[in-house]
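Comments concern the structure below.
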Amino acid sequence: AQTVTQSQPEMSVQEAETVTLSCTYDTSENNYYLFWYKQPPSRQMILVIRQEAYKQQNATENRFSVNFQKAAKSFSLKISDSQLGDTAMYFCAPPSGIIFGKGTRLHILP
Amino acid sequence: DGGITQSPKYLFRKEGQNVTLSCEQNLNHDAMYWYRQDPGQGLRLIYYSQIVNDFQKGDIAEGYSVSREKKESFPLTVTSAQKNPTAFYLCASSIDEQGNRYGYTFGSGTRLTVV
């Protein structure tokens, strides 16, 4: 079974700082996709960013970027210039994204 | 606009009752999923369906049942056999198998409380 581990249950950073959320996964596949989802206090799950494993370049979506290390099976999410609206639970989804990590609760402090 | 609609937003169940949570999508997605989320917890997979009239159990299927008679609809029934049903339930869909390539679209969830 494919697994994913998010080692930081909870984090807090000051507004405008940069924060990195970690995720490691296990897979035997070579070509796959990885995802980060955000769940704000409204509880609506939103797809934040998607990484294609066969691409060398790390995915970027505005202030969100990933650090994808395929050999290490690591897929961290970096949020730059954090904003109060980034306060949420963040979930990493592994290849075959049916099983999610336990999530990291991120607090952005004013 | 296309999306997933879950209803009701809040649901109260008495002990021993069955209740059904609705999930409808107009995205023309083949695959649909049900997850349970407990306070401070991640998402746990209950059931998923990749095609009409077919579905598979997830990690915590006991006490739940589903049907997939139409592509657009994937209702979840919480039966009286589910001993601790109070939780937040999320429905999702994906255009591809297990959301491998394009990820999931989620509904806004149903909060179920046993009274």
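Chain naming here is simple, since letters A, B, ... match the order of the sequence lines and numbering starts at 1 in each. Only a predicted model underlies this, so the values are computations on that prediction, with no experimental measurement involved.
- Atom CD of A/Gln56 has 12 or fewer neighbouring heavy atoms from other residues, nucleotides or ligands inside a 6.0 Å radius.
- Ring-plane geometry between A/Tyr37 and B/Tyr104 is classed as tilted, the angle between the planes lying from 30 to 60 degrees on a 0 to 90 degree scale.
- Hydrophobic clustering, with ILVMFWY side chains joined whenever heavy atoms are under 4.5 angstrom apart, keeps B/Tyr48 apart from B/Leu21.
- Counting non-hydrogen atoms of other residues, nucleotides and ligands closer than 6.0 Å to NZ of B/Lys71 gives a total above 12.
- For A/Glu52, no part lies under 4.5 angstrom from a heavy atom of chain B.
- A/Asn62 CG: 12 or fewer foreign heavy atoms inside a 6.0 Å radius.
- No donor-acceptor distance shorter than 3.5 angstrom exists from the side chain of A/Gln44 to the backbone of B/Gly109, with no hydrogens or angles considered.
- A/Gln39 is listed as a side-chain neighbour of B/Leu90, based on a closest heavy-atom distance under 4.5 Å.
- Looking at B/Thr105 and A/Leu47, their side chains never come closer than 4.5 Å, going by heavy atoms from C-beta outward.
- With a threshold of 4.5 angstrom between heavy atoms, A/Arg105 approaches chain B through side-chain atoms but not through N, CA, C or O.
- With a 6.0 Å radius and a threshold of 12 heavy atoms from other residues, nucleotides or ligands, B/Ile51 has its CD1 atom at or below the threshold.
- One distance of note links OH of B/Tyr102 with CZ of A/Arg50; it measures 6.0 Å at 0.5 Å rounding.
- Within the structure, disulfide bond (SG atoms under 2.5 Å apart) pairs that include any residue of residues 13-93 of chain A comprise A/Cys23-A/Cys92 (at least two apart or interchain).
- In this structure, CE on A/Met45 lies 7.0 Å from CD on B/Gln37, to the nearest 0.5 angstrom.
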